Amino acid sequence: MNQAPKTVAATRHPTKKMLRALAGERQQRPPVWLMRQAGRYLPEYRELRAKAKGFLDLCYTPDFAVEATLQPIRRFGFDAAILFSDILVVPHALGQKVWFEEGHGPRLEALEQPGDLARLSKNRLHGALAPVYETVRRLSRELPAETTLIGFAGAPWTVASYMLEGGSSKDFAAGKRWAYGLPEGMQSLIDLLVEATGDYLIAQIDAGAEVVQIFDSWAGVWPERHLRRWCLEPTRALVGRIKVERPGVPVIVFPRGAGLLYQTYAEACGADALGLDTTVPLGWAQQVLQPRICVQGNLDPQLLVVGGQALRQGVAEILSLLGGGPFVFNLGHGIVPETPPEHVAEMLAQIRAWHG
Ligand code: CP3
């Protein structure tokens with residue numbers, strides 16, 4: 001074991017707040033960062049965005065991506081920085097057409113039948129994603145010493161949903177028709193994504209990511225049996241591979257909408273922390289989840305838009321119920337573009353003044 005990778009030694013006695021929480025330590029004041037903390041609610045992001053040719057150009061140009069990652073750190077001093085990129089760089093690197101249309105969100109050339117999977121290949125994965133790894137390397141040099149660098153990827157199902165629908169969806173009809181009617185095709189796609197996403201996260205870790213988060217934003221659309229097969233199982237396989245190949249690197253899983261199955265995730269997915277969505281009851285999380293695992297979350301992003309007393313009450317409830325155990329303060333889903341940055345500053349002042 002004296003050949004253990006550097007990351008194990010680094011996390012055994014972590015000094016950074018974020019790493020200590022993920023190691024299961026309860027702290028006087030919890031670490032805080034926000035999902036989608038870089039983005040359109042910041043005027044400096046909108047300015048940077050106008051300089052890039054498109055959103056993917058922003059993700060694939062290290063100068064831009066480093067700057068976008070650092071903007072919220074400079075402004076707010078969050079305890080963690082999340083790599084600026086997107087979950088859809090993986091299908092793009094596998095050879096699928098991906099583009100972002102102003103006002104329409106992501107668009108992809110949808111896979112229509114299992115035969116279309118032949119168009120995808122892992123051969124060019126690391127070549128296509130090399131600029132992302134360069135961004136991670138630069139960030140690990142440039143971030144303040146107390147700030148933890150988080151790498152990320154989408155979970156296989158959430159990424160597959162975009163690949164099958166050709167973009168965002170309300171009913172996930174294409175994904176469900178594959179899962180229910182063409183389960184072998186669906187399994188091949190999920191298996192490919194488990195492999196490619198594992199390769200991608202391990203390369204981010206090797207470039208300097210200290211923690212990785214797996215976003216399963218659309219876990220909550222399935223009947224139980226299918227949630228277990230298409231969300232829990234592939235996520236467990238992915239976490240298991242990271243734990244074997246890069247032991248000591250904490251993994252956060254965000255199975256948004258998993259409901260009662262959050263308990264199964266806590267027991268079985270192998271992660272170090274679970275990202276709670278906004279609907280997870282705080283008392284239940286405290287009693288059922290937190291004794292087993294560090295939790296992260298779960299302020300409603302709309303409270304951050306409204307601000308004032310409603311925001312103060314939401315923050316206070318979360319701190320008093322979850323601040324007594326291993327905990328990372330965050331939102332229950334990504335920050336929305338309408339958020340006034342001053343509300344973020346007010347929220348942080350309240351968290352920093354809190355002593356549990
Ligand atoms: O600050 C950060 O959190 C890091 C960067 C980040 C982005 N996307 C940047 C982005 C992260 C972690 C993501 C994750 C992501 N991307 C998810 C999972 C989390 C979630 O919110 O559920 C998903 C589902 C996507 C796919 C995606 N990318 C959609 C649906 C959209 C359009 C909606 C939107 O907010 O515009 C994007 C675009 C996107 N990803 C933007 C940013 C900053 C906005 C694009 C722009 O500037 O034009």
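First listed ligand is number 1; within each ligand, the first listed atom is number 1. Model, not experiment: these values are computed from the prediction.
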Enquirer: Compute the centroid of each ring, for Y200 and then for H126, and state whether the two points are separated by less than 6.0 Å.
Expert: no
Enquirer: Quick test of your reading of the model: are R137 and D206 salt-bridged, counting only N-O distances below 4.0 Å?
Expert: no
Enquirer: Of W178, Y180, F172, which meets ring-ring contact (aromatic ring centres under 6.0 Å, His included) against H226?
Expert: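 The residue from W178, Y180, F172 that satisfies ring-ring contact (aromatic ring centres under 6.0 Å, His included) with H226 turns out to be Y180.
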Enquirer: Could you check atom 18 (C) of ligand 1 against the protein and tell me its nearest heavy-atom contact, residue, atom and distance included?
Expert: S217 OG, 3.3 Å
Enquirer: Counting only heavy atoms, tell me which of D86, L58, V98, T69 gets closest to atom 16 (N) of ligand 1.
Expert: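 Checking each option, the heavy atom nearest atom 16 (N) of ligand 1 is found in D86.
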Enquirer: Relative to the heavy atoms of Y162, which atoms of ligand 1 are at a distance of less than 4.0 Å?
Expert: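 Taking each heavy atom of Y162 in turn, ligand 1 has 24 (C), 30 (C) under 4.0 Å.
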Enquirer: Atom CZ of residue position R124 - does it have more than 12 heavy atoms of other residues, nucleotides or ligands inside 6.0 Å?
Expert: no
Enquirer: Is it the side chain (CB and beyond), the backbone, both or neither of S85 that lies under 4.0 Å from ligand 1, heavy atoms counted?
Expert: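 S85 to ligand 1: backbone contact only, side chain stays beyond 4.0 Å.
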Enquirer: For atom 2 (C) of ligand 1, which candidate among E102, H104, H333, R36 holds the nearest heavy atom?
Expert: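 Looking at heavy atoms only, R36 sits closest to atom 2 (C) of ligand 1.
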Enquirer: Ring centres of H92 and Y60 under 6.0 Å apart?
Expert: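 Between Y60 and H92, which both carry aromatic rings, the centre distance is below 6.0 Å.
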Enquirer: Measure the distance from atom 34 (C) of ligand 1 to every protein heavy atom, then report the residue, atom name and distance (to 0.1 Å) of the closest one.
Expert: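 Here the nearest protein heavy atom works out to R40 NH2, 2.9 Å.
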Enquirer: For ligand 1, is Y45 a contact, meaning one of its heavy atoms is under 4.0 Å away?
Expert: yes
Enquirer: Quick one: does P106 get within less than 4.0 Å of ligand 1, heavy atoms only?
Expert: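 Yes.
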